[in-house]
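Predicted model, so just to flag it, every value in this text is computed and none were measured.
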Amino acid sequence: MDPKEQPRAAQRNRKETSEQSKRDEPPQEKLQGAVGGSARSGPKRARKVPVPPTEASGTQHQEGAQKRTNGNILTKPGDIKRKKRKAGGTAVVSAPAPPTEEDIWFDDVDPVDIEAALGPEAARVARRQLGQNESSVSLEKEQAFDGLTKALALDCEMVGVGPKGEDSIAARVSLVNQYGKCVYDKFVKPTEPVTDYRTAISGVRAEHLQQGKELSVVQREVAAMLKGRILVGHALHNDLKVLFLDHPKRKIRDTQKYKPFKRQVKSSRPSLKLLCEKILGVRVQQEEHCSVQDAQAAMRLYVMVKRDWESVAQDRRPPASAQDRRSEDT
């Protein structure tokens, strides 16, 4: 090639290369739109909106932040509540185990009070221990101690003597312990001719008294059992009168004289039948009376309020004098 033509050829090559590069380069407006620049002169194009982070991505971000800060993270108060709400749907709270027979061991608390404090399951356990059914109250606790307890309930059945049978003598004497278990039940041989057996009420018949024990024997045995113990009963002055016995007043728990019972049934001298029906939901003395059942009913009433009754009796109890101690010993 002619040396003079070389500069011209190089110039043409440079020009062709420049035009080729311009054709390959994208338009300026498209380039600006791709990098987020303004493109007022060009047509409007839809922009991509950033997608908000999901819970998973947020969790990953938090975990990453925890790693970056080596555990030094300040938790906001609201974070704990949000976490609790999230976990609320899947959290399972285990129910407390129902009480067992060993947990409910006390006998002097009404199952109604136990149910209010500990729930229905505990009340069912207490009723089983007191010998009560779900629908009714039993006056005797099954499989309970059948010996002498700190409190004993007394009841007597009587027959009539005298011209019209209006005077009363003891015909049957019964004692039950705190659990309603009968610890003494004896018929008494009459000291006078019986003019009215009062069988419709007393349940006593002539053949019962023929096999009875002497009054002096029954009197001595009952006095020995009651010595130093709390005596429970209903209208006890009548029972003690026919037995010719006395008992320290501070150790007597007479259900006829207990003021809360009087207020509850709205009677100044409530009968045992009324108290059992209104308070215990039990019917007694429907036909012939039974001294064992009556003693059980009086004891059940006492046990039901034993804690409150003893608390009041303790507050009102005067200091024992020497005469009271001698009377109790005798």
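Between the side chain of Thr149 and the backbone N or O of Gln178 there is at least one donor-acceptor pair closer than 3.5 Å. Judged purely by atom type and a 3.5 angstrom limit, Asn177 has no side-chain atom pairing as donor or acceptor with the backbone of Leu148. One N or O on the side chain of Arg253 and one on the backbone of Arg250 form a donor-acceptor pair closer than 3.5 Å. Ser311 places no side-chain N or O within 3.5 Å of a backbone atom of Arg307 that could act as its donor or acceptor partner. Put simply, the side chain of Asp167 never gets that close to the backbone of Gly162: no donor and acceptor are under 3.5 Å apart. Of the possible donor and acceptor atoms, one in the side chain of Thr255 sits under 3.5 Å from a partner among the backbone N and O of Gly233. Formation of a donor-acceptor pair under 3.5 Å by the Gln219 side chain with backbone atoms of Leu243 is found in this model. A donor-acceptor pair is defined here as one N or O able to donate and one able to accept, closer than 3.5 Å; no such pair exists between the side chain of Arg300 and the backbone of Leu280. A donor-acceptor pair under 3.5 Å links the side-chain atoms of His234 to the main chain of Leu272, judged by distance alone.
Aromatic ring pairs are classed by plane angle as parallel below 30°, tilted from 30° to 60° and perpendicular above 60°; the pair Phe261 and Trp309 is perpendicular.
Residues forming a side chain to side chain contact (heavy atoms under 4.5 Å, CB included) with Asp185 (at least two apart in sequence, or on another chain): Arg172, Ser174, Cys182, Ser291, Val292. Glu214 pairs by the side chain to side chain contact (heavy atoms under 4.5 Å, CB included) definition with Lys189, Ser216, Val217, not counting sequence neighbours. Here Glu288 pairs with Arg205 under the side-chain hydrogen bond (donor to acceptor under 3.5 Å, both in side chains) rule; sequence neighbours left out. With sequence neighbours excluded, no residue satisfies side-chain hydrogen bond (donor to acceptor under 3.5 Å, both in side chains) with Asp239. For Arg263, the side chain to side chain contact (heavy atoms under 4.5 Å, CB included) partners at least two apart in sequence or on another chain are Lys259, Pro260.
A continuous path of ILVMFWY side-chain contacts below 4.5 Å connects Val218 to Leu245, so both sit in one hydrophobic cluster.
Using a 4.5 Å cut-off on side-chain heavy atoms (C-beta onward), Tyr179 and Asp146 make no contact.
Residues Val284 and Lys273 share a closest heavy-atom pair of O-CG, 3.6 Å.
The hydrophobic cluster containing Tyr197, built from Ile/Leu/Val/Met/Phe/Trp/Tyr side-chain heavy atoms closer than 4.5 Å, also comprises Val159, Val161, Ile169, Phe187, Val194, Val204, Leu209.
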